[in-house]
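As the structure lists them, so they are numbered: ligands from 1, and atoms in each ligand from 1. The structure displayed is predicted, hence computed values, not measured ones.
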Amino acid sequence: MDYFPYKYRPGQKELVEFIDRAVRDRRCAVIEAGTGTGKTITSLCGTLGYAKEHGIKVIYLTRTKSQQKQVVRESEAIGDEIFCIAMQGRSASSCPLMRDDPELAAGNSEEISKLCSEYKKKKNGVCQCRFFTSIEETDVESWASRIRTEHPDPEDLVQMCEDAGLCPYEFTKLLLPYADVIAVPYPFVFMPMILDRFIQWTGVPLSQMILIIDEAHNLPDYLRDVQTFEYSGHAMDLVAKEAKDHGDFELHEGISVTDVVAVMKEILASAEKEYLIDDDGMLPPYFLEDELMSRLGVSSVTISRMCKAMEEIGDGIMEKKKERKKLPRSYIHSMAMFIRAWIDGDEDNYVRLVIKEGDNPMFQAYCMDASGAADPLVDCFSSIHMSGTLQPLSAYEQELGLGRVNRLCLDGIFPKENMLSVYTDKVSMKYEERDIPQNYDKLMQMVVECVNAVHVNTAVFFPSYSFMDKMVDDGLVQRLNRDVVYEERGMSQPELMNVFENFKTSDGGVLFCVTGGRISEGLDFPDKALEMVVLIGIPYPKPTAKLRAMRRYYDIRFGDGIGFTTVIPTVRKMRQAMGRLIRSETDRGVAIILDRRVSGLKGIDAGLCQDIPAAVREFFSR
Ligand code: SF4
């Protein structure tokens with residue numbers, strides 16, 4: 001059955017058929033599809049034919065709420081025969097009883113889940129959460145029919161549930177078995193504990209799910225991060241405070257919790273002193289274990305016993321907090337878990353680091369192997385991986401360990417003449433050159449000339465926040481005759497959206513942001529909201545200890561450490577930033593790259609230009 005609800009644009013039918021074939025053959029489809037190919041609607045229509053025939057569920061994995069809304073909107077366009085539901089992860093804000101408590105806002109899904117169980121417990125035979133109790137009296141099937149026709153997005157669904165006095169999270173779980181398409185964040189599938197529950201709620205095993213991975217170029221990094229764990233100096237201070245508040249328990253022959261904290265702090269300071277170079281330093285694999293043993297004068301077996309004792313103390317603290325409806329968190333417990341994980345962890349796929357972030361140094365065990373968390377992609381019925389920037393596809397497959405793959409690259413469908421991409425060979429952001437006064441002054445001059453060449457909305461992508469700060473301090477803004485808004489470090493999502501909206505609706509505004517930051521991915525700037533991007537330099541990653549370890553690892557595994565860790569991610573970042581320009585067939589735009597090294601960078605399609613301001617004026621005068 002052809003579910004496609006619109007008139008096919010060029011390439012779309014081919015894409016739907018390609019996905020359908022991959023699903024029918026139980027293969028993975030790895031697809032780079034340019035702007036305008038309609039990734040959401042084509043992936044839904046390519047999977048739904050087989051899925052509906054065989055009772056398989058389509059699980060659409062997204063990174064953001066706006067992507068979830070898009071899945072709901074496209075399912076609505078297909079029609080009422082498709083039941084689509086979007087579910088957000090658990091947080092205090094999704095619970096009507098917890099959302100007003102500021103302490104709980106910091107709670108993770110596991111902590112909120114524990115607190116929820118406490119609320120659901122019966123006291124004198126009565127459940128303490130009325131939003132949960134009322135679910136029992138609700139006709140789930142009639143709600144399912146209503147949702148099938150009303151197609152609420154995630155926020156609307158939460159509102160509908162609350163208006164009816166139902167817990168949005170618990171009630172959505174009951175609706176999942178009815179759904180053909182379920183849009184969920186990545187953790188639902190890639191965090192084992194959540195996946196087990198998700199499988200129970202949906203009522204079908206992973207082998208009966210087709211996974212669609214949106215913005216798939218993010219997946220390898222996401223999977224590495226999921227497996228990475230770290231522990232900071234600030235967290236150690238919180239352990240000391242917790243021990244003071246709850247009693248400083250003895251763990252082993254005169255060694256108390258605060259003694260362990262003191263020793264951990266000493267070890268962290270010594271790691272910084274001995275191994276830190278600039279941002280990070282690589283530690284020997286047994287560094288922490290050896291130091292703990294020698295400084296505390298105990299054996300590795302005793303350390304393990306002390307960790308167990310701290311976990312038990314932490315369990316007791318969490319239990320008490322839970323009973324008081326407080327965030328069930330114990331810093332003593334977290335420290336024990338960290339020490340255990342660090343000592344027991346896998347040596348081959350992890351690099352152990354000391355990292356300095358501001359005034360908060362930390363230990364980090366960074367997982368270099370994305371495929372270690374990619375089992376669901378092997379165990380599911382079929383998986384569809386889509387992005388506008390996924391090439392080289394074979395590298396993506398290797399990183400994730402995908403087998404049985406069908407590959408497709410589809411160009412964007414909008415007229416090529418709507419975009420001009422140029423670079424200059426007059427400046428370079430190479431480490432050794434970026435601060436040479438002649439190069440730096442020329443670079444600043446070129447930014448000014450390019451931005452001032454035409455009065456269109458322009459985004460200037462800096463290689464880092466610190467470089468942006470330096471240029472701003474050196475008077476860049478005063479030399480632009482325009483209003484400037486900024487993407488700033490650590491901005492909250494609402495603050496970022498505010499900046500984004502202000503810029504989008506401005507007339508000839510300038511946005512300062514960072515390549516690879518949140519502005520450069522996932523946000524849509526239609527029409528005149530963005531007509532020019534200026535990329536300062538090539539965003540190669542900093543040559544940190546972590547990067548060097550990754551290079552060695554990928555050299556050994558796939559014979560191309562520089563490609564996997566440096567060239568491929570850099571080109572993807574640049575293409576993402578440049579891709580903000582053309583979002584529809586009437587959009588036009590200019591991408592300017594200020595760095596001569598582009599000439600040797602495979603994958604970036606830009607022409608050398610000796611007079612960029614003139615070329616820009618000529619392009620916009622056409
Ligand atoms: S059942 Fe729902 S409303 Fe009740 S405590 Fe749990 S999350 Fe909150």
Where is the tightest heavy-atom contact between Phe131 and Ser134, given as atom of each residue plus distance?
O-OG, 3.5 Å

Atoms of ligand 1, numbered as shown, that sit under 4.0 Å from any heavy atom of Pro96:
3 (S)

Enumerate the atoms of ligand 1 whose separation from the nearest heavy atom of Phe131 is less than 4.0 angstrom.
3 (S)

Could you tell me, atom by atom, which parts of ligand 1 come under 4.0 Å of a heavy atom of Cys129?
1 (S), 3 (S), 4 (Fe), 5 (S)

Would you say Cys167 has an N, O or S atom lying under 2.8 Å from atom 2 (Fe) of ligand 1?
yes

Interfacing atoms of ligand 1 (cut-off 4.0 Å, heavy-atom, Glu170)
1 (S)

Can you name the nearest heavy-atom pair linking Leu268 to Phe363, along with the distance?
CA-CZ, 3.7 Å

Could a heavy atom of Arg90 be found less than 4.0 Å from some atom of ligand 1?
yes

What's the shortest distance from atom 8 (Fe) of ligand 1 to any protein heavy atom, and which residue and atom give it?
Cys95 SG, 2.3 Å

Could you pull out, from Cys127, Pro168, Cys116, the option with a heavy atom nearest to atom 6 (Fe) of ligand 1?
Cys116

Does Arg518 offer a backbone N or O that forms a donor-acceptor pair with the side chain of Glu487 under 3.5 Å?
yes

Arg99 bridged to Glu162 by N-O distance under 4.0 Å:
yes

Of all protein heavy atoms, the one nearest atom 5 (S) of ligand 1 is Tyr119 CB, 3.6 Å

Is the Phe188 ring parallel, tilted or perpendicular to the Phe198 ring (thresholds 30°, 60°)?
perpendicular

How close do Ala309 and Leu251 get, counting heavy atoms only, and between which atoms?
CB-CD2, 3.9 Å

Do Trp342 and Tyr231 have ring centres separated by under 6.0 Å?
no

